[in-house]
Amino acid sequence: MFLILRRLARKGARIDLLEEALTNAQRPGAPAAMLSSTMVEDGIMAGEASEIALSKQDLREVTAFAAACAEVVLEVFEADQPDDSRPRDAIGAAWEFARGGERGKPLRDTAWAALKAAKSADTTAAREAARAAMSAAGAAYLHPLANATQVKHILGAGAHAARAAELVAGDNPSIGAEHVERAVHRATLVVVDVLKRFPAAPGGGGRVGELIRMLDADLRSFTLA
């Protein structure tokens, strides 16, 4: 099962869907259809969504934005798991790609490792911080498909980071909103332009989904002064 998931990752499947598939696959009696639905939803098997133009520089800008969002809350994870470097490694790999490195297996592997680190954390806030790091490395794999779920590649790190921060503050939503605002100011014009090529963020996803939609709406309303 894990081999199948890794093969899907090499084909470019969205990390958040792979995470869901991994979790479901570990449940007793999990049907194989879960994996096929992941593949179809991500557009791997059927090109239902139209393609969007994305350059490698676009991907580098998006990844830099995601890494900058994730590293703000890295200390939240490291306070919980001081001997676990996997989220830091994922953010470092994201920065390496953003600054001109190649997008290959090492980058993808750090995203997987950060996801595993999230599952081993003791607190919810630490888990969200690790997921932000995972999302930072995964941002490099934004697909050129006009699918609302792709917005998670762009904004997932910022949303998970905001969620980690508000959990540290006693689940205070105003703290999450402040982090969303900071992320908006952190985004470059290229990031905003790339985001606007995709449909608006999808519904669902709990509080992290809400934060994604907040960030999405704020960035789409951004205009030059």
Is it the case that the side chain of His153 and the backbone of Ala140 share a donor-acceptor pair, with hydrogens and angles ignored and the cut-off at 3.5 Å? no
Do you reckon Ile91 sits in the same ILVMFWY cluster as Leu142, going by side-chain contacts under 4.5 Å, direct or chained? no
Kindly compute the distance separating NZ (Lys152) from CD1 (Ile212), expressed to the nearest 0.5 Å. 6.0 Å
State the CZ-NE2 distance between Arg182 and His185, to the nearest 0.5 angstrom. 10.0 Å
CA sep, side-chain torsions, deciding dist, call: Arg197, Leu54, side chain to side chain contact (heavy atoms under 4.5 Å, CB included): CA-CA 9 Å; Arg197 298 176 202 171; Leu54 284 177; 3.7 Å; yes
Ala90 to Ala114 - nearest heavy-atom pair and separation: CB-CB, 3.8 Å
NZ or CZ of Arg99 within 45° of Trp95 ring axis and under 6.0 Å: yes
For residues Ala137 and Ala111, report the shortest heavy-atom separation together with the two atoms involved. CB-CB, 3.7 Å
Do the side chains of Phe198 and Ile154 get nearer than 4.5 Å, heavy atoms only? yes
Can you name the nearest heavy-atom pair linking Arg220 to Pro199, along with the distance? NH2-O, 2.7 Å
Glu102 and Lys56 ion-paired at < 4.0 Å: yes
Working to the nearest 0.5 angstrom, can you tell me the gap between Thr188 OG1 and Glu61 CD? 4.0 Å
Closest heavy-atom pair, Ala161 versus Cys69, reported as atoms and distance to 0.1 Å, is CB-O, 3.5 Å
Under a single-linkage definition using a 4.5 Å side-chain heavy-atom cutoff for Ile, Leu, Val, Met, Phe, Trp and Tyr, are Leu155 and Ile175 assigned to the same hydrophobic cluster? no
Could you tell me whether the side chains of His160 and Glu128 share a donor-acceptor contact shorter than 3.5 Å? yes
Just checking Arg88: does its CZ atom have more than 12 heavy atoms from other residues, nucleotides or ligands closer to it than 6.0 angstrom? no
Measure the shortest side-chain to side-chain distance between Leu219 and Leu215 over non-hydrogen atoms and say whether it is less than 4.5 angstrom. yes
When rounded to the nearest 0.5 angstrom, what is the spacing between CE in Met134 and CG in Leu115? 5.0 Å
Side-chain heavy-atom pair Val190, Gln57 within 4.5 angstrom cut-off: no
Do Arg213 and Glu210 meet the salt-bridge criterion of a basic N to acidic O distance under 4.0 Å? no
Taking it one step at a time, do Arg127 and Thr123 satisfy side chain to side chain contact (heavy atoms under 4.5 Å, CB included)? CA-CA 6 Å; Arg127 287 192 286 273; Thr123 68; 5.8 Å; no
For the student: nearest non-hydrogen atoms of Ala121 and Ala126, plus distance: CB-CB, 3.8 Å
Decide yes or no on side chain to side chain contact (heavy atoms under 4.5 Å, CB included) for Glu181 and Asp218, but give the supporting numbers first. CA-CA 8 Å; Glu181 183 177 357; Asp218 287 351; 5.9 Å; no
Can you hop from Leu74 to Val168 via hydrophobic side chains spaced under 4.5 Å? no
Rounded distance (nearest 0.5 Å) linking atom CZ of Arg186 with atom CZ of Phe65: 7.0 Å
Measure the shortest side-chain to side-chain distance between Ser120 and Arg86 over non-hydrogen atoms and say whether it is less than 4.5 angstrom. yes
Under a plain distance cut-off of 3.5 Å, with no hydrogens placed, do Arg60 and Thr63 share a side-chain donor-acceptor pair? no
Is any side-chain heavy atom of Leu107 closer than 4.5 Å to one of Tyr141? yes
Is there a chain of hydrophobic side chains (I, L, V, M, F, W, Y, each step under 4.5 Å between heavy atoms) that links Val72 to Val180? no
Within this structure, what is the CG-CG distance for the pair Asp216 and Leu195, rounded to the nearest 0.5 Å? 5.0 Å
Residue Glu96 excluded, over 12 heavy atoms near CD under 6.0 Å: no
In short, Ala157 meets Ala70 closest at the heavy-atom pair CB-CB, 4.4 Å
Are Leu167 and Val76 linked, directly or through other ILVMFWY residues, by side chains that come within less than 4.5 angstrom of each other? no
Would Asp84 and Phe77 satisfy side chain to side chain contact (heavy atoms under 4.5 Å, CB included), going step by step from the backbone distance to the final call? CA-CA 9 Å; Asp84 192 338; Phe77 177 84; 3.6 Å; yes
Check Glu166 with Arg163, please: is the shortest side-chain N to carboxylate O separation under 4.0 Å? yes
